[in-house]
Protein chains: 2
Amino acid sequence: MRRHYATIKDIAHALNISVSTVSRALRDTYDVSADTRKLVLDMAAKLNYKPNFNATGLVKNSTHNLAVILPGITNYYFSTVFTGIQEIAYSHNYNIILYVTNDDAGRELNIIRNLSFSSLDGLLVSVSSQAGSCDHFQEIIDDGIPVVFFDRVAADIRTSKVMQDDYNGAFEATTHLIANGYKKIAHIAGPEGLTFTDSRLNGYLDALRRNGMPIRKKWIIHSGFTQECGENDMEKLWKLNDKPDAVFAVNDRKAVGAIVTLKKKNIAVGKDVGVIGFTNDPMSAIISPSLSTIAEPAFEIGKKSCQLLLNHIKKKNFIPEEIILPGKLIVRESSIRS
Amino acid sequence: MRRHYATIKDIAHALNISVSTVSRALRDTYDVSADTRKLVLDMAAKLNYKPNFNATGLVKNSTHNLAVILPGITNYYFSTVFTGIQEIAYSHNYNIILYVTNDDAGRELNIIRNLSFSSLDGLLVSVSSQAGSCDHFQEIIDDGIPVVFFDRVAADIRTSKVMQDDYNGAFEATTHLIANGYKKIAHIAGPEGLTFTDSRLNGYLDALRRNGMPIRKKWIIHSGFTQECGENDMEKLWKLNDKPDAVFAVNDRKAVGAIVTLKKKNIAVGKDVGVIGFTNDPMSAIISPSLSTIAEPAFEIGKKSCQLLLNHIKKKNFIPEEIILPGKLIVRESSIRS
DNA sequence: AAATCCACCGGTAACGTTCTCGGTGAATTT
DNA sequence: AAATTCACCGAGAACGTTACCGGTGGATTT
């Protein structure tokens, strides 16, 4: 029993003027007198007129919709990035269609394939970690759809990207551990093949090299991003004969997992074994001992990527930009030998 | 430089048949032979045809879009509910347009006013806590747009609602504190005027009455939902001459705030002062002492509300349902006197 | 006074799709 | 053999909006 919404025709009919004039009046473009314009606007308000985006989208070949594709939304980082995106989109009157892939490459592909670009102006995406090929993104870009990657970017695709400074953050985190007297530093990393996993790994390795610290293959463990993964990784490390005395985790959730495992073993986190994470998830301040970390500018990343996308949309042939935002070391209890 | 996507006309032209036939073939409806159907589908695949939702939406007056309006997405509860919603929407090929209000009633109103119902099949909403009037929702429902409320519902509006069992959860939480020997139980509540704030308050009050425990006005504090609010509320409670020996918080974030404040004052949480929360935010397991809580079925709430909305959309004149899902007491360290 | 200009408005086609209806020819019934 | 049915297909209108172009009448120029 859906009520018929007032259309532009209804306004025209009520005012006994033409449809074209109403259209022009509503958009406040050329060729319409102030008087009729006022008449139209008043009548529009009176009839509770709402523009039909399907119709405008059809003729203008542009809706005000952006799609965002994320691995998941139930964690601090992505939900904060999304909030940033939303903030910019809202202020520019764009709507956001959100898809979550659950970090499943198959689902990601399926979502992409079913995307209707006729009702989409652009695409913001952070790729799934089980990334297979990225050809589907390339196709979209070749079709002329503006795409911006953030955080988890597809390396070999030429379009705008925005991310945090993963390399330097990891470098700083590792250096901080070294400065605090830890000598055998492990790294529990993310899944292989993801750009930022590599960057953080390299930052870690270079910090070790720069300071003449030992690098052990066994001290580097790749797995997923969850707390549980962190717990498992820590268990593995502790089974080693040559145990590390500190660990740099690729993110805070894994670092929290590491701390949980260490506490279970009655090992004094900070004193016996140092831990540092990456993200500045609120959890890092709550856990005790509290977790040192590299704060990521998640909100800014969201805002920046959305702004970039809007630029892409406005100017065709926009030159892709890569933006890298710096992180910030936050020292708490877990990395201090006192 | 956006490439022209293949349309139904292109397929028709390439096959030298009529547009109508192609349309029917693609939708697999009546009056089309198996042969031509195959021809059409093959050609569609070959031309990389994608349906234009603006066009279908225009003629069918129905898109496959759902709008979700949330106070915020950066917390466990809402992000999990959203994931549930997304799960159902995805399996039914619906897209979700997500709006976050930042718990700002003005922004909520503005979003609602600008909603284009011509490109929306339905609406899922959890209202902002600074709720003023809810007339704007009533208008939408009167216009025949299917709306489902969840969690933070608008009490006096007749449409489907799904929520957790706030009253019984609060009752159980409070009873649990009593059973563990706490005698002076405070409640740090949510903002007044919100349905579930009231329900949890009432559950708390009834549990006290049932057990003949004292009720003090000063032990009940209303404020926002953040951890900071929880910290402030706890500070206030501790300034009282007649201090409580336990506190039931309206959610886990506030409970965490309370624990943080108590720890700062070197008060033994659990032993000296009991604390229990509501939600089962992952944080509750991380903080130490770990936080007892009532686990909310957030994911199920999301799924259920989306299912309900889809039912609304399918059958016009669907009779509104109110669904209440039970919570579950989870006992951890913060509420045990041992 | 004729020619030109300008502000304003209307008619029509188009966007991509679906729906309704009418029209084929072949197969089946009488 | 005529009448009826049936499976299949096409033509045209419609959805709500914008873009394009042409046409008014009045004011300004020459």
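Quick note on labels: first sequence line is chain A, next is B, and so on, each numbered from 1. Every value quoted in this text rests on a predicted model; they were computed, and no experiment measured them.
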Worksheet item: For Phe53(A) and dT17(D), what is the distance between atoms CZ and C1' respectively, to the nearest whole Å?
Response: 12 Å
Discussion item. Whether Ser33(B) contacts dA7(D) is assessed here as follows: a side-chain N or O lying under 4.0 Å from the phosphate OP1 or OP2. Is that the case?
Written reply: no
Worksheet, complete the sentence: Those residues at least two apart in sequence (or on a different chain) that pass ring pair (Phe, Tyr, Trp, His ring centres under 6.0 Å) with Tyr94(B) are His64(B)
Discussion item. In whole Å, I'd like the distance from the NE2 atom of His13(B) to the P atom of dG10(D).
Written reply: 13 Å
Discussion item. Donor-acceptor check, side chain of His92(B) to backbone of Ile88(B), threshold 3.5 angstrom: yes or no?
Written reply: yes
Discussion item. When you measure from the side-chain N and O atoms of Ser118(B) to the phosphate of dG16(D), is any distance below 4.0 Å, counting only OP1 and OP2?
Written reply: no
Discussion item. Strictly under 4.0 angstrom, non-hydrogen atoms only: write out the protein contact profile of nucleotides 16-22 of chain C, one letter per nucleotide from the 5' end, B, S or -.
Written reply: BBBBB--
Practice prompt. Could you walk me through whether Phe78(B) and Ser126(B) pass side chain to side chain contact (heavy atoms under 4.5 Å, CB included), step by step?
Written response: CA-CA 9 Å; Phe78(B) 283 126; Ser126(B) 183; 3.5 Å; yes
Discussion item. I'd like to know whether Asp10(A) forms a side chain to side chain donor-acceptor pair (under 3.5 Å) with Tyr49(A), so could you lay out the CA-CA distance, the side-chain angles of the two residues, the decisive distance to 0.1 Å, and finally the verdict.
Written reply: CA-CA 9 Å; Asp10(A) 297 328; Tyr49(A) 166 78; over 6 Å; no
Fill in: Ring geometry between Phe137(B) and Phe149(B) (parallel below 30°, tilted from 30 to 60°, perpendicular above 60°)
perpendicular
Worksheet item: dT18(D) P sits how many Å from His64(A) NE2, rounded?
Response: 12 Å
Discussion item. Would you say Ser18(A) places a side-chain N or O within less than 4.0 Å of OP1 or OP2 belonging to dC9(C)?
Written reply: no
Worksheet item: In whole Å, what is the span from the CZ atom of Arg37(B) to the P atom of dC9(D)?
Response: 12 Å
Worksheet item: Salt-bridged, Lys50(A) to Asp143(B), with N to O below 4.0 Å?
Response: no
